[in-house]
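One structure is given below, encoded as structure tokens.
One-based numbering along the sequence shown.
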Amino acid sequence: FVLSGGAQTCGGGSGGEALRVGEAQLGKTFVLNTDGPDTFSCVGLMRYILRTIGTDSDAPWVPEEYLSRYPAVDRADLQPGDIVIYPGWATMYAGNGQVLNSNEMEGVVTHTPMDVAGEPLGIVRPY
């Protein structure tokens, strides 16, 4: 399914389902360039989630590529399961001002407050 501007989604899954799959990985170890099931990089976690719920079997490895691949979402319309992209960092909105992510600083899959993450480059909804 291709949207205007070249954005595409492969169907399947929902934001709630995506978040459940992602949160089941809480506490797993951060390892650069891995996409599960035992270790995750930031973008690897998003790839694992999208693959597991049947949305996209080959999601990008580069966080910024999510912005042109999936439909954009305005911050005012942010919903749990939306993918929030920061420079070089892919996260998933978990609700209550938190993003789910795997990050090098914490060393594990964790929740991080959006206000300490900085200004996102964009938000997408691949479902």
Could you please spell out the steps behind the side chain to side chain contact (heavy atoms under 4.5 Å, CB included) verdict for Leu45 and Asp35? CA-CA 6 Å; Leu45 179 61; Asp35 62 353; over 6 Å; no
Side chain to side chain contact (heavy atoms under 4.5 Å, CB included) assessment of Thr52 paired with Glu17: CA-CA 10 Å; Thr52 299; Glu17 184 181 3; over 6 Å; no
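Of the possible polar contacts, none joining the Thr29 side chain to the Thr39 backbone as a donor-acceptor pair under 3.5 Å is found.
Taking the side chain as every heavy atom from C-beta outward, Leu50 and Tyr66 approach each other to under 4.5 Å. Between Pro87 and Leu121 there is a side-chain heavy-atom pair separated by less than 4.5 Å. Taking the side chain as every heavy atom from C-beta outward, Tyr93 and Arg75 never approach each other to under 4.5 Å.
Pairing each heavy atom of Ala18 with each of Ile53, the nearest pair is CB-CD1, 3.8 Å. Minimum interatomic distance between Ala94 and His111 (heavy atoms only, all atoms of both residues): CB-CD2, 3.7 Å. Between Met92 and Gly81, the shortest heavy-atom distance links the atoms CE-O, 3.5 Å. Counting all heavy atoms, side chain and backbone alike, Leu100 lies closest to Met46 at O-CE, 4.0 Å. When all heavy atoms of Ser102 and Phe40 are compared, the pair lying nearest together is OG-O, 2.7 Å.
The only option from Thr91, Thr112, Thr110 that meets the side-chain hydrogen bond (donor to acceptor under 3.5 Å, both in side chains) definition with Asn101 turns out to be Thr112.
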